[in-house]
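Comments concern the structure below.
Fair warning: this is a prediction, and the values are worked out from it, not measured in the lab. Just so it is clear, the values below take in all heavy atoms, side chains as well, and ignore hydrogens, waters and symmetry mates.
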Amino acid sequence: MTKHHYFIAVKLPQETKQFLDSWIEERKGDYPFARWVHPSDYHITLAFLGFAEKSKLELLMEKLEPLIEKESTFTLTLNSLGTFGPHKAPRIFWADVEASEQLNELQSSIDRLCKEIGFELDTKPFRPHITLARKWNSGDSFDAASLSQIREEDGKTFSFNVTEIVLYETHLECTPKYHEYHVFPLASPGA
C-alpha cells in the first residue's frame, strides 16, 4: 500500500495557474530544468506534514476548520523568480509573492497548531513560493542574472485572491500529483 504525504497550502485560483503557465511557457527555453510542475499542482506550501495517520489528520482538520474560517480572504501579488539549491545548478525554480503580513500570520498559526498536534515541521523560516520546476538540466551554469519579475504584458503586477486553504495528499505516481484531501474556505470580507 502506498503511503501518501500531506501538506497544507494556499490554493491558487485557476486563472492564476493559467497565467503562470502561459508566462512560463513563453520563457521555458531560457530555463532548462529537467521536470516542470504541472500547472494544476501550483500552490504555496504553509506546512509540510509528511506521512500522517488518519486519526491525526482527522484531529488536524477538526482544529484547523475554526482557525481558518475566522480568516478573511486576502490578496497576494506575484513578484519574482528565484531558486533553491546550488547557485550554478539549482534544485528548485520558483516564483514568489510580495510580502503579506496576513499570509505570514496565517502560516504561523497553522505551524503552531500542527506542532501542538504533534507534527514535526520544517524549522527553516517561511519563504512563500510556488515551485515551477526542479533539477537544473544543462552543462552551462545557471545564470541568476536571467531571473526577472513576473509581470503582465502591459508591465502591471498580477494579483489574486486567496479564498481557500487546502490539505493536499501527494500521489507521486499521478499527474497532477496533488489531490485535495480537504478544503478550508476563508471568510468572505464583511461576513
If only atom types and distance count, is the side chain of Gln102 paired as donor or acceptor with the main-chain N or O of Ser72 below 3.5 Å? yes
Do other residues, nucleotides or ligands put more than 12 heavy atoms under 6.0 Å from Glu153 CD? no
Heavy-atom distance under 4.5 Å between the side chains of Ile24 and Trp36, does that happen here? yes
Looking only at heavy atoms, what is the nearest atom pair of Leu46 and Gln107, with distance? O-NE2, 3.1 Å
Once side-chain contact (heavy atoms from CB on, under 4.5 Å) is applied, do any residues pair with Asp122, and if so which ones, sequence neighbours excluded? Lys124
Consider only side-chain heavy atoms of I, L, V, M, F, W and Y, link residues closer than 4.5 Å, and tell whether Val166 and Leu76 are in one cluster. no
Can you tell me how far apart CD (Glu71) and OG1 (Thr163) are? Round to the nearest 0.5 Å. 13.5 Å
We want to know whether Glu169 and His5 form a side-chain donor-acceptor pair, criterion being a heavy-atom distance below 3.5 angstrom. no
Main chain of Leu12, side chain of Thr16: is a donor-acceptor contact present, judged purely on distance under 3.5 Å? no
Of all heavy-atom pairs between Ala34 and Asn137, which one has the smallest distance, and what is that distance? N-CB, 3.7 Å
Can you find a heavy atom in the side chain of Ile130 that is under 4.5 Å from one in the side chain of Val37? no
Tell me, with the steps shown, if Asn161 and Thr73 meet side chain to side chain donor-acceptor pair (under 3.5 Å). CA-CA 7 Å; Asn161 289 329; Thr73 60; over 6 Å; no
Near Lys115 NZ, under 6.0 Å, is it more than 12 heavy atoms from other residues, nucleotides or ligands? yes
dist Thr170:OG1 -> His179:NE2 (nearest 0.5 Å) comes out at 11.0 Å
Can you name the nearest heavy-atom pair linking Glu152 to Phe19, along with the distance? CG-CE1, 3.8 Å
Of all the heavy-atom pairs spanning Ala47 and Leu121, show the shortest one and how long it is. CB-CD1, 4.2 Å
Restricting to non-hydrogen atoms, name the atom on Ser148 and the atom on Tyr31 that form the minimum distance, rounded to 0.1 Å. N-OH, 4.4 Å
Min side-chain heavy-atom separation Gln18-Gln14 under 4.5 Å: yes
With a 4.0 Å cut-off, would you call Asp21 and Lys17 a salt bridge? no
Do Trp23 and Glu25 pass the side chain to side chain contact (heavy atoms under 4.5 Å, CB included) test, and can you show the C-alpha distance, the side-chain angles, and the key distance before you say yes or no? CA-CA 6 Å; Trp23 199 91; Glu25 279 299 320; over 6 Å; no
Do Phe33 and Ser138 touch side chain to side chain, with heavy atoms closer than 4.5 Å? no
Side chain of Tyr168, backbone of His182: donor and acceptor closer than 3.5 Å? no
To the nearest 0.5 Å, how far apart are CD1 in Ile8 and CD1 in Ile44? 14.5 Å
Do Ile165 and Leu186 come close enough that some side-chain heavy atom pair is under 4.5 Å? yes
Would a single hydrophobic cluster contain both Ile68 and Val183, if residues Ile, Leu, Val, Met, Phe, Trp and Tyr are joined by side-chain heavy-atom contacts under 4.5 Å? no
Evaluate the criterion side chain to side chain contact (heavy atoms under 4.5 Å, CB included) for residue pair Leu167 and Phe184; output intermediate values, then yes/no. CA-CA 8 Å; Leu167 174 61; Phe184 302 92; 4.1 Å; yes
For residues Leu172 and Lys177, determine if any side-chain heavy atom of one lies less than 4.5 Å from a side-chain heavy atom of the other. yes
Between Phe48 and Tyr6, does a side chain to side chain contact (heavy atoms under 4.5 Å, CB included) hold up when you go through it step by step? CA-CA 7 Å; Phe48 180 76; Tyr6 297 87; over 6 Å; no
Phe84 vs His129 aromatic rings, parallel, tilted or perpendicular, using cut-offs 30° and 60°? perpendicular
Run the salt-bridge test on Lys11 and Glu180 with the 4.0 Å N-O cut-off and return the result as yes or no. yes
Decide whether Phe126 and Tyr42 are clustered together by the hydrophobic rule: side chain heavy atoms of Ile, Leu, Val, Met, Phe, Trp, Tyr closer than 4.5 Å, transitively. yes
pair Leu78-Val97: side-chain heavy atoms closer than 4.5 Å: yes
Can you measure from CD (Glu65) to CG (Leu60) and round to the nearest 0.5 angstrom? 10.5 Å
So, His38 side chain and Ser40 main chain: donor-acceptor pair closer than 3.5 Å or not? yes
Would you say Asp143's side chain and Ala145's backbone share a donor-acceptor pair under 3.5 angstrom? yes
Taking side chain as C-beta onward, heavy atoms only, is Leu113 less than 4.5 Å from Phe119? no
Could you please spell out the steps behind the side chain to side chain contact (heavy atoms under 4.5 Å, CB included) verdict for Trp94 and Leu81? CA-CA 6 Å; Trp94 49 254; Leu81 299 172; 5.9 Å; no
How many angstroms lie between OG1 in Thr123 and CG in Asp111, if you round to the nearest 0.5 Å? 10.0 Å
Taking the six-membered ring for Trp, are the ring centroids of Tyr178 and Phe7 within less than 6.0 Å of each other? yes
Nearest non-hydrogen partners of Leu147 and Phe93, listed with the distance: CD2-CE1, 3.7 Å
Give, for atom CD1 of Ile117 and atom CD of Glu62, the distance between the pair rounded to the nearest 0.5 Å. 9.0 Å
Show every side chain to side chain donor-acceptor pair (under 3.5 Å) that has at least one partner inside residues 45-61, sequence neighbours left out. His43-Thr45, Lys54-Tyr181
Counting only heavy atoms not in Lys63 (residues, nucleotides, ligands), do more than 12 fall under 6.0 Å from its NZ? no
Run the numbers on Asp96 and Ser80 for side chain to side chain donor-acceptor pair (under 3.5 Å), then give the verdict. CA-CA 6 Å; Asp96 69 2; Ser80 56; 3.3 Å; yes
